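Input: a single structure, listed below in structure tokens.
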Amino acid sequence: MPQANASAPADFIREIIDEHIRTNRFQSRVATRFPPEPNGYLHIGHAKSICLNFGIAAQYGGTCNLRMDDTDPTGESQEYVDSIIGDVKWLGFDWEDRLYYASDYYEKLYQFAVQLIKIGKAYVCSLSANEIREYRGTLTEPGKESPFRNRSVEESLDLFKRMRAGEFKEGTHVLRAKIDMASPNITMRDPIMYRIRYEPHYRTNNKWCIYPMYDFAHCLSDSLEKITHSICTLEFENNRPLYDWFLDALELESHPQQIEFARLNLSYTVLSKRRLIELVENGNVGGWDDPRMPTLAGLRRRGCTPEAIRSFCERIGVAKNDSTIDMALLEYCIREDMNERAPRVMAVLRPLRVVIDNYPEGQIEEFDCPYHPQNADMGSRKVPFSRILYIEQEDFMEKPPKKFYRLAPDKEVRLRYGYFVKCVNVVKDPNTGEVTEVHCTYDPETRSGFAPDGRKVDATIHWVSAEHSVPAEVRLYDRLFSVANPLEAGSDYVGHLNSKSLEILRTCRVEPSLKGVAPGSRFQFERVGYFCVDPVDSSDQDLVFNRTVTLRDTWAKISEKERR
RNA sequence: UGGGGCGUCGUCAAGUGGUAAGACACAAGACUUUGGAUCUUGUAUCCCAGGUUCGAAUCCUGGCGCCCCAGCCA
């Protein structure tokens with residue numbers, strides 16, 4: 001398990017824990033948990049919580065449990081459980097043998113409910129859903145007490161037993177806590193503890209037809225697991241009094257401290273399970289693991305490493321301010337990580353044919369090219385060079401603007417790890433005027449990239465040998481949404497989907513060393529970006545690369561500025 | 001016109017009465033066989049208004065703004 005380093009940021013949660021340790025609350029124990037509901041895939045917002053909970057446990061020598069908060073059979077499934085387990089593991093965290101399920105506590109939870117009825121703190125209410133809503137009051141008006149509120153303990157006990165036995169239809173009865181219908185905190189207005197639902201649960205199947213609500217189940221699950229710090233997001237702040245109320249009413253010894261922090265928002269994407277499900281179900285993306293998705297599955301398929309995501313989670317901090325992190329920070333973390341680990345390799349995404357007029361026909365040379373400019377330990381590979389090459393279309397301009405350093409008529413550039421070449425002629429499509437082939441001469445004295453006479457070139461460009469390179473498909477991914485805050489103006493966030501979030505290039509040529517690379521392996525295509533062999537669609541016969549993130553592109557900024 | 005939370009650089013975020021850390025972004029420059037990487041440099045008086053104090057982002061008072069809560073979701 002990754003250890004929190006000594007310089008781990010001291011956020012307000014850690015301050016609270018330090019205080020608890022100082023005052024010997026919880027006997028200096030620290031026990032946290034990550035409690036997802038298995039009704040969707042984990043996203044990077046969950047990663048923040050995972051890193052927080054597991055990170056704190058590691059830092060304080062405590063434990064962190066993984067618990068499926070599966071109290072609502074609707075939408076929950078084993079598929080999601082499996083994905084959650086895989087994702088947390090992939091992120092690099094270990095819950096050892098502490099994988100728990102709220103559904104395993106159903107019987108105990110039922111007994112707790114019975115106990116609350118017996119001490120007069122819970123009752124079966126037979127109002128309809130609509131009536132319950134009406135009786136609840138509004139934000140500014142107090143609620144009214146249910147006519148069933150003072151039902152006898154015996155009657156509630158009997159009814160509750162029969163609810164469990166399946167004697168009633170859905171919606172006819174619920175179990176409620178007897179608190180205060182006039183509370184200014186709506187959460188405390190006799191909250192529902194159990195509802196009837198004739199829906200098979202993915203784990204308990206048809207054993208139960210009553211299911212506990214979050215507020216009732218969560219605090220008790222925490223207590224049963226002897227959690228000390230129950231960390232959740234800000235929207236549960238209103239629920240904290242209720243969290244405490246149940247534990248106090250049952251006089252439980254294990255009474256965790258709930259602490260709330262601000263959930264993660266990321267620009268140019270959405271991070272709510274509901275919307276992510278919509279994107280998947282509407283077919284706006286290819287699935288939960290579509291590389292454009294902010295899900296852990298999507299980020300993984302795109303090529304992100306767990307290290308990059310953990311680094312991101314450390315950098316963003318933990319506080320109570322509503323905040324939106326700039327996507328640029330995530331991209332930075334990915335580049336930072338990739339820069340160190342990705343072998344450099346050459347690939348031409350949009351090929352332009354180059355003929356070296358004075359290079360002997362049929363001659364082939366092999367250049368030894370290091371995999372990493374700053375790390376010789378990563379070794380090198382041989383890259384073949386020949387008379388006909390491909391370069392990137394955008395690396396040649398017939399009429400270059402002032403600051404364009406690359407190849408142009410009469411201009412000399414260096415081919416990476418190869419020779420200096422000078423453009424002497426172009427061939428154009430007679431109909432479109434488009435340049436279809438560039439003719440160059442090379443200087444044999446400049447082999448491996450240096451001129452003995454000391455002359456310099458403005459640019460170094462990448463290339464592949466036409467004959468030796470291998471074809472590949474490259475998928476260029478970009479931000480999912482075209483605006484920073486897709487949710488800003490109401491609900492038409494789908495309208496802000498970035499139509500250019502995926503561009504598929506099918507005529508790419510990559511250097512021959514890439515033949516047979518393992519799915520999931522990551523590379524830097526020099527001067528282009530970081531790429532990952534698609535773990536799903538790539539094969540030895542058909543190479544498919546996903547762009548994880550571009551390189552920082554100063555030229556793009558300059559040319560953008562010039563255009564304005 | 002209820003209750004709960006939050007307001008420090010474009011975006012995050014330290015700061016806990018002693019004179020505004022850091023990161024990303026941005027800008028300028030150095031270096032460079034990736035217009036990459038790296039390195040230097042630059043950029044805020046703290047939502048507003050009063051008050052307390054020798055001294056306030058930090059304390060007090062009053063405003064203003066934003067978020068959450070009226071699921072038999074979590």
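Below, chains carry the letters A, B, ... as their sequence lines are ordered, and counting in each starts from 1. FYI, side chains are in, hydrogens and waters are out, and symmetry mates aren't considered; it's all heavy atoms of this structure. On a predicted model such as this, the values are computed, not experimentally measured, just so you know.
Residue R552(A) places at least one side-chain N or O closer than 4.0 Å to OP1 or OP2 of A37(B). Taking 4.0 angstrom as the limit, R527(A) places a side-chain polar atom (N or O) nearer than this to OP1 or OP2 of G35(B).
For residues 230-246 of chain A, every residue pair satisfying the salt bridge (Lys or Arg N to Asp or Glu O under 4.0 Å) rule, not counting sequence neighbours, is listed here: E235(A)-R263(A), E237(A)-K320(A), R240(A)-E260(A).
Note that the SG atom of C532(A) and the CE atom of M338(A) stand 7.0 Å from one another [nearest 0.5 Å].
A cation-pi arrangement is not found for R547(A) relative to Y530(A), the charged atom failing to lie both closer than 6.0 Å to the ring centre and inside a 45° cone about the ring normal. Geometric assessment of R275(A) against the ring of Y493(A) yields a positive cation-pi assignment under the 6.0 Å and 45° thresholds.
Only the C1' atoms considered, C31(B) is 13 Å distant from G35(B), to the nearest whole Å. Taking atom P in both U8(B) and G15(B), one finds a spacing of 15 Å when rounded to whole Å. The C1' atoms of A49(B) and A56(B) are separated by 15 Å, rounded to the nearest whole Å. Between C72(B) and C67(B), the two C1' atoms lie 27 Å apart (nearest whole Å).
If you check every strand for non-hydrogen atoms under 4.0 Å, E15(A) touches a base.
Looking only at distances, a side-chain donor or acceptor of E131(A) sits under 3.5 Å from a matching main-chain atom of S128(A). For Y198(A) (side chain) and G166(A) (main-chain N/O), a donor-acceptor pair under 3.5 Å exists by modelled atom type.
Summary of the strand contacts: A459(A) and K557(A) both lie near RNA chain B, and taking for each the nucleotide with the nearest heavy atom, the more 5' one is attributed to K557(A).
Listed candidates were C6(B), U34(B), C24(B). Nearest to the side chain of Q524(A) is U34(B). Distances from the side chain of Y332(A) to the nucleotides C12(B), A25(B), C6(B) place A25(B) closest.
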Listed pairs, N/O of protein and of nucleotides 43-45 of chain B, under 3.5 Å:
none

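In G65(B) the O4'-C1'-N dihedral to the base is more than 90° from 0, which defines an anti nucleotide.
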> Using a cut-off of 4.0 Å between protein heavy atoms and nucleotide atoms, how would you tag nucleotides 69-74 of chain B 5' to 3' with B, S and -?
Replying inline: BBSBSB
